[in-house]
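On a predicted model such as this, the values are computed, not experimentally measured, just so you know. Whatever order the structure lists ligands and atoms in, that order sets their numbers, starting from 1.
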Amino acid sequence: MHCTVHRGALKHLRISLPALFALFLIALSALPARLQDLRYKPDPHASENMTLLLKDYDPKSMLHTAVHETPRARFPVIDVHNHVNDPYGDGEKIPPAEVVRRMDAANVQKIVILTGMWGDKLQSVIDKMVKPYPDRFIVFTQMDWSKIDNSNFSAEMVAQLDDAVRRGARGLKVLKDLGLGVKDRSGQFIAVDDPRLDPIWEECGRLGIPVAIHTSDPEAFFTPLDRHNERYEELNENPAWNFSAPQFRGKARLLAERNHVIEKHPHTTFIALHVANWPENLDAVSDWLNKFPNMYVEFGAREAELGRQPRRARKFFLDYQDRILFGTDSEPQEQMYANYFRWLETPDEYFPYAGYPGQGRWMIYGMELPDSVLEKVYRGNAEKIFAQFQGTH
Ligand SMILES: [Zn+2]
């Protein structure tokens with residue numbers, strides 16, 4: 001009985017399956033246009049359906065590629081562009097021992113605190129950071145632009161610089177406010193190559209301390225905030241960073257003024273911060289490095305720019321391996337450092353830069369730099385510059 005029923009069921013299937021398949025084929029042949037629609041024709045309502053806001057769009061990459069986590073740098077690192085616990089910014093203060101713990105975890109040997117100010121404020125950061133950890137922190141001093149209208153401004157600033165170096169400062173930091181913010185009583189912006197500053201640049205050369213100079217900003221900051229601006233979200237969040245208005249001098253002019261200073265003071269070492277502030281144009285930066293032997297660059301907060309052009313950037317690192325310094329311009333966090341090391345050391349594909357998507361909606365690619373280049377960029381080039389110090393006398 002059992003066997004008969006089973007056979008009956010099979011017999012039933014033998015009849016119905018081909019019949020179903022035939023029906024399916026008939027249906028298929030009757031609907032050729034409809035299938036074509038599914039495959040080729042875009043939805044005519046696509047534009048209306050596009051209601052997702054840019055701020056909510058957060059696509060996840062479906063790529064399956066190798067990930068090389070890089071929590072520690074392959075060689076000890078000097079981060080030449082940092083602001084941790086400086087007296088200038090209003091950033092959150094981190095207990096110095098905690099900063100050192102994070103540095104140890106990432107293999108960061110030294111941090112350079114650029115914005116150390118001058119006088120008592122400089123003294124406070126030296127007392128708090130350098131004295132307890134003399135091998136771990138270096139502090140730079142700054143100019144006091146509030147004195148720009150004093151008749152003896154140049155001499156006052158040279159004296160302030162000498163005092164700062166006696167206190168322990170080992171470099172001069174110049175923020176982008178020179179060129180984009182500082183004005184004298186005439187109401188005009190001070191040019192970066194204003195002759196009143198010449199004695200300051202010369203004194204840095206005499207003391208053997210580098211000038212870390214930030215001039216202008218990303219190219220997109222000098223273009224209107226419209227739908228073509230590749231840093232739309234960043235500028236929307238920070239409208240004060242948009243210098244496209246006519247009252248500001250243009251980027252090309254600012255960079256030309258800075259280069260004029262570098263050319264005019266060949267015995268002073270200049271670290272042109274943020275890849276000389278034209279990482280969007282590495283051909284131009286290469287020309288400048290060829291032209292000015294006293295110019296170095298640093299790549300703080302420009303990982304996103306260099307990381308999105310990995311082939312050109314890698315060539316740049318190989319060509320100028322003796323002139324590039326490691327810098328981050330970011331709060332010292334283990335995760336941030338790991339991201340920079342992954343970018344410099346590994347061949348990883350298409351991953352977010354530190355701080356993504358703050359600077360723009362693109363990914364970066366690892367450069368897999370050779371050990372000999374890594375060692376110089378991480379530490380060697382910075383050590384060479386700090387060895388130029390002439391002492392206090
Ligand atoms: Zn900075």
Side-chain angles (χ1 to χ4, degrees), residues 77-94 99 102-103 108 110-118 121-122 125 129-130 137-145 164 169-182 192 204 209-221 231 234-235 237-238 240-243 251 254-255 258 269-280 285 295-307 324-333 336-337 339-340 343 353-355 358-360 377 381-382 385-386:
V77 169
I78 302 179
D79 178 356
V80 303
H81 191 155
N82 215 283
H83 301 279
V84 66
N85 294 350
D86 72 357
Y88 181 85
D90 45 15
E92 192 192 327
K93 303 294 180 225
I94 307 166
V99 179
R102 295 180 193 177
M103 290 163 72
V108 175
K110 274 182 201 168
I111 277 182
V112 179
I113 303 167
L114 288 180
T115 30
M117 298 189 77
W118 52 89
K121 288 189 169 165
L122 171 68
V125 65
M129 303 298 286
V130 182
F137 297 103
I138 293 173
V139 177
F140 279 28
T141 185
Q142 294 169 268
M143 290 293 99
D144 183 357
W145 300 121
R170 290 296 175 265
L172 172 67
K173 165 75 188 273
V174 179
L175 289 164
K176 68 178 169 188
D177 55 1
L178 178 62
L180 283 168
V182 184
V192 182
C204 290
I209 60 167
V211 178
I213 186 163
H214 175 157
T215 307
S216 88
D217 251 345
E219 195 164 332
F221 289 12
R231 290 178 180 247
E234 186 180 23
L235 288 169
E237 205 170 316
N238 305 282
W241 296 354
N242 192 322
F243 303 111
K251 181 181 171 81
L254 292 166
L255 294 178
R258 182 211 47 209
T269 295
F270 290 88
I271 304 168
L273 300 173
H274 307 300
V275 198
N277 248 321
W278 214 4
E280 300 94 332
V285 179
M295 178 186 188
Y296 289 75
V297 297
E298 163 279 346
F299 50 72
R302 296 298 181 273
E303 184 199 22
E305 287 296 348
L306 299 177
I324 302 172
L325 310 178
F326 180 98
T328 61
D329 197 15
S330 299
E331 183 186 309
Q333 288 176 346
M336 179 277 292
Y337 280 125
N339 189 284
Y340 271 78
W343 163 56
Y353 55 83
Q359 295 183 314
V377 169
N381 296 336
I385 290 175
F386 290 119

What side-chain donor-acceptor pairs closer than 3.5 Å can you find for residues 295-302, not counting sequence neighbours?
unit_1: E298; atom_1: OE1; unit_2: H81; atom_2: ND1; d: 3.4
unit_1: E298; atom_1: OE1; unit_2: H274; atom_2: N; d: 2.8
unit_1: E298; atom_1: OE1; unit_2: G300; atom_2: N; d: 3.4
unit_1: E298; atom_1: OE2; unit_2: H81; atom_2: ND1; d: 3.0
unit_1: E298; atom_1: OE2; unit_2: G300; atom_2: N; d: 2.5
unit_1: R302; atom_1: NH2; unit_2: N277; atom_2: OD1; d: 3.1

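- In this structure R170 satisfies the salt bridge (charged side-chain N to carboxylate O under 4.0 Å, His left out) test with no other residue, sequence neighbours excluded.
- At least one donor-acceptor pair under 3.5 Å links the side chain of Y353 to the backbone N or O of Q359.
- Under the 4.0 Å criterion applied to side-chain N and carboxylate O atoms, R102 and E331 are assigned as salt-bridge partners.
- Within H81, the N, O or S atom lying nearest to the Zn ion (ligand 1) carries the name NE2.
- Taking the N/O/S atoms of D329 in turn, the shortest distance to the Zn ion (ligand 1) belongs to OD1.
- When distances to the Zn ion (ligand 1) are checked against a cut-off of 2.8 Å, H214 contributes no N, O or S atom below that limit.
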